[in-house]
Every structure is written in C-alpha cells, then in structure tokens.
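Take a look at the structure set out below.
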Amino acid sequence: MEEIFISYKHTDENGLMTEDFKIAHQLYDLLTKNGYSVFYSKESLQKIGSSRYKNDIDEALDRTKILIVVLTKAEYARSEWVQYEWDSFFNDILSGVKPEGKLFTLTKDVSITALPRTLRNVQNFIYGHHHEEQILAYVQSCLPKTWQDIPITIPAKKNENRFQLIKGKEITAEDIQKALDLEALVYREDTMQSLNACLRYFHINPDIYLFVKEISTGKIVANIDIAPITDECYEQLRSGRFVDKDITPDMLLSYDLPCAYNLYFSSIVIHDDYRGSDLFLKMFNAVVEHFISLGEREVYAKRMLADAVTKEGEKFCKLFGMHKVKESDHSSTLYETILIPPQFKIISKATKVLFEYYKRKYEEAPYLFDE
C-alpha cells in the first residue's frame with residue numbers, strides 16, 4: 001500500500017523531460033530509502049505494467065496518505081494530470097474521505113502567489129533549502145514509525161558542513177567557553193553565567209550540556225543546556241521572579257540516583273549562520289535521545305520548565321508541546337510540560353519512542369512519579 005504519492009509534470013510542451021521529473025525521481029529515491037512506500041508514476045506504472053492510466057492513478061490516490069506536488073513552474077500546477085491528482089486528493093480531505101490526508105508542495109523558483117488557491121494554503125518546501133531533512137521530518141510527523149524502522153538516510157551534499165554532537169564528559173572547558181561566546185551573541189550580559197560557574201555546574205553534572213561542533217573549524221555552533229534541579233529551585237524559577245543566573249551549585253543535582261527529576265531547560269542557541277538549516281532538528285532529536293539514554297539508567301524526567309528568551313527557545317517549547325505558564329519578571333516566557341505521565345507531542349520517531357517508553361514506565365509503577 002502506497003503511503004505517499006508524488007505528483008509532477010513529466011514532459012514539457014516540446015515533449016522533453018521536465019526538471020520536475022528529475023526532482024520527483026530524487027524525492028522518490030529519498031523516501032523509498034527511508035522505508036516509505038511511494039507511488040511515482042514512472043516507476044510505479046512500469047511495475048504494474050498497466051495502460052489504464054487513470055484507473056491506476058485513482059487507485060493509488062485512494063490508497064495514499066500524503067500527496068506531494070513537485071513544481072518548477074507555476075503553470076504546471078494547472079496541467080491536466082497534475083491538477084487532477086492534487087485536486088482529487090484535496091477533495092477527499094475536504095469531504096472527510098481522508099481526514100488525516102496531507103497535501104504539500106515542493107517548489108523550485110516558483111512564487112507561491114502564482115499557484116492555485118488550494119496550493120497557496122498548504123505546507124510548502126523549497127528545493128535546495130535543506131528540503132530533504134525538512135520533508136523527512138514532516139513525513140515522519142504524519143506517518144510515525146516505531147524505533148525498529150529504517151533510520152533516516154539523507155544524501156550527502158557537496159561541500160556540506162560536517163557537525164559533531166558532543167555531550168557529557170566529551171566536553172572540555174574550551175568547548176564551554178566557546179558555547180558562552182555563542183550565547184553572548186544572543187543573551188544580555190547581565191543574564192549570562194561566568195565560565196567558572198558553568199565549570200562548577202559541569203563538575204556536578206556533566207550531562208547538562210549538549211553542544212554541536214563544526215568539525216572543520218572547531219566552533220561550537222549550537223548548544224542546549226538542560227539541568228536537573230531541586231524542587232525548591234524549580235518552584236522559584238516557575239514563579240517568574242528568579243533568574244537562572246542565580247542558581248547556585250547546591251540547587252543542581254547529579255544523576256547519581258535512579259529516580260524522576262525536575263528539569264530546567266535553560267537555553268538553546270544556534271549560530272546565525274546556521275539558522276534555517278537542519279541543526280534545530282538535530283538538536284531537538286538529540287534532547288529526546290538524551291532522555292531515552294538516561295532512562296536506560298532508570299533516570300527519568302518528571303517535568304520540565306523552560307525560560308524562553310530566544311526565538312529558538314520558544315520554537316523548541318511549542319514544538320515539544322509545552323504550555324505557557326506566564327511571562328517572567330525579566331522579559332522572557334516560562335513554559336512547562338509533564339513528561340511522566342507523558343503529555344508532550346509526538347512529532348517524530350524519537351518522540352514516539354520516548355512517549356511510549358515513559359507511558360510504559362508510568363503504568364508499571366505510577367507511585368514512583370506521582371506526588
């Protein structure tokens with residue numbers, strides 16, 4: 001059963017292969033390599049060997065859950081077969097035949113305003129702007145798979161920067177200083193921690209930092225700080241009157257004991273040069289995988305509070321399904337979520353694994369997590 005249907009114009013007015021055909025073929029390869037069943041007319045119709053084109057298209061449209069329209073020219077959206085495919089699929093969504101159906105576009109050098117109204121109002125991805133990572137993440141959220149499924153495989157790009165995720169005891173004092181230099185580009189000086197304070201925190205619990213290093217330069221280009229804290233510290237921060245710069249070492253906990261901890265998500269920063277890249281997704285998944293790895297040590301995150309100062313911080317909170325608590329006294333917004341029993345959003349393969357893992361742990365021993 002096809003999960004995804006790729007719609008595109010095969011030949012132009014001169015009977016030559018369109019660029020849309022080439023892009024559709026790349027997309028077909030990407031999705032099939034990642035374990036998805038895809039209807040792509042050149043490949044799929046050859047395999048079924050049918051001359052009843054419309055019947056085969058209709059049958060595929062009936063089976064599919066996601067339809068992707070590939071466009072390098074706005075007028076191709078109105079070509080006979082392309083319009084028939086997306087219009088039929090969209091009508092099924094509107095009529096309730098496919099209430100969970102998803103329609104989106106992948107465009108190259110096309111103005112969205114020039115498209116038919118229906119296609120103007122759906123999710124759009126731009127070819128060449130990290131579209132492979134973005135489409136895979138979106139498809140994952142629509143068609144969640146379990147952890148046993150094929151891992152994501154993204155084709156290497158020419159001259160693509162290579163990054164390394166570093167965490168725990170892999171991190172050095174030099175890395176922490178570079179992360180502070182990165183944060184200085186975003187945060188006010190009066191809200192920032194000193195290197196000595198960060199090193200004291202790190203000595204207590206080296207698992208509080210997750211950094212992304214650009215291998216070619218050694219720069220820290222993204223970082224996340226998430227720390228387990230005492231109940232008293234958590235409530236102080238939640239009041240909106242306490243600044244995290246005033247957290248003392250005795251308020252920070254190590255993960256020595258197997259139990260459920262209150263977490264404070266203090267920062268997420270991505271260098272300006274890498275905003276809009278796949279780094280945010282990498283960092284998000286790294287946090288989820290971090291929680292899963294802690295669970296293997298019977299260390300769990302009971303609830304998490306975030307003090308969102310940056311756009312990335314707010315984006316992370318909303319993406320994870322955290323709810324707004326209040327505006328703080330220091331020009332930021334507090335968000336919170338309950339992790340056990342899980343109340344966060346499932347938006348990726350990693351979050352699905354974490355959700356099911358935490359749900360099972362709660363069902364096995366609710367008394368460990370209830371107040």
Q.
Walk me through whether Thr105 and Ile68 qualify under side chain to side chain contact (heavy atoms under 4.5 Å, CB included).
A. CA-CA 5 Å; Thr105 56; Ile68 308 169; over 6 Å; no

Q: Decide side chain to side chain contact (heavy atoms under 4.5 Å, CB included) for Ser7 and Val70; before the verdict, give the C-alpha distance in whole Å, the side-chain angles of both, and the deciding distance to 0.1 Å.
A: CA-CA 6 Å; Ser7 178; Val70 175; over 6 Å; no

Q | Near-ring test Tyr358/Phe291, centroid separation under 6.0 angstrom | A | no

Q) So does Arg360 pair up with Glu356, basic N to acidic O under 4.0 Å? A) no

Q | Main-chain N/O of Asp87 paired with Asn91 side-chain donor or acceptor, under 3.5 Å | A | yes

Q) When rounded to the nearest 0.5 angstrom, what is the spacing between NZ in Lys359 and NZ in Lys361? A) 15.5 Å

Q.
Could you measure the distance from the CD1 atom of Ile135 to the CG atom of Asn34? Nearest 0.5 Å is fine.
A. 11.5 Å

Q. Looking at Glu100 and Lys65, does any basic side-chain N land under 4.0 Å from a carboxylate oxygen?
A. no

Q) Is it true that Val243 and Leu263 fall in one hydrophobic cluster, defined by side-chain heavy atoms closer than 4.5 Å? A) no

(Q) Please determine whether a side-chain nitrogen of the Lys or Arg among Arg297 and Asp207 lies less than 4.0 Å from a carboxylate oxygen of the Asp or Glu. (A) yes

(Q) Could you tell me if the side chain of Leu180 sits less than 4.5 Å from the side chain of Leu195, heavy atoms only? (A) yes

Q: Report the residues that fulfil side-chain contact (heavy atoms from CB on, under 4.5 Å) with Glu174, sequence neighbours left out, ordered by chain and then residue number.
A: Thr172, Lys178

(Q) Side chains of Lys352 and Phe355, heavy atoms from C-beta outward: is any pair under 4.5 Å? (A) no

Q.
Can you confirm if the NZ or CZ of Arg303 lies within 45° of the ring axis of Tyr234 and under 6.0 Å from the centre of its six-membered ring?
A. yes

Q.
I'd like to know whether CD of Glu298 has more than 12 heavy-atom contacts from other residues, nucleotides or ligands below 6.0 angstrom.
A. no

Q: Kindly say whether Lys22 contributes a backbone atom to a donor-acceptor pair with the side chain of His25 at under 3.5 angstrom?
A: no

Q: Indicate, with yes or no, if Ile224 and Phe344 share a hydrophobic cluster defined by side-chain heavy-atom contacts under 4.5 Å among Ile, Leu, Val, Met, Phe, Trp and Tyr.
A: yes

Q) Out of curiosity, Leu305 CG to Glu235 CD, how far, rounded to the nearest 0.5 Å? A) 9.0 Å

Q. Going by an N to O cut-off under 4.0 Å, is there a salt bridge joining Glu336 and Lys302?
A. no

**Q.** Side chain to side chain, Lys324 and Leu334, heavy atoms closer than 4.5 Å
**A.** no

Q) Do the two ring centres, one from Phe89 and one from Trp86, sit under 6.0 Å apart? A) no

Q) Nearest 0.5 Å, what's the CZ-CG distance between Arg241 and Asp246? A) 13.5 Å

(Q) Could you check, using the six-membered ring where one of them is a Trp, whether His323 and Tyr335 have ring centers closer than 6.0 angstrom? (A) no

Q) Asp20 side chain to Thr72 main-chain N or O, any donor-acceptor pair under 3.5 Å? A) yes

Q) Ring centres of Phe125 and Phe104 under 6.0 Å apart? A) yes

Q: Take Tyr261 and Tyr255 through the ring-ring contact (aromatic ring centres under 6.0 Å, His included) test and state the conclusion after the steps.
A: CA-CA 9 Å; Tyr261 292 82; Tyr255 289 129; 5.2 Å; yes

**Q.** Evaluation steps, side chain to side chain contact (heavy atoms under 4.5 Å, CB included), between Asn262 and Thr230
**A.** CA-CA 7 Å; Asn262 293 318; Thr230 63; over 6 Å; no

Q. Is Asp12 reaching over with its side chain to a backbone N or O of Asn14, donor-acceptor style, under 3.5 angstrom?
A. yes

Q: Would you confirm whether the ring centroid of Phe21 sits within less than 6.0 angstrom of the ring centroid of His10?
A: yes

Q: Please confirm whether the backbone N or O of Ile66 pairs with a side-chain atom of Thr64, one donor and one acceptor, at under 3.5 Å?
A: yes

Q: Report yes or no: do Ile346 and Tyr362 belong to one cluster of Ile/Leu/Val/Met/Phe/Trp/Tyr joined by side chain heavy-atom distances under 4.5 Å?
A: yes

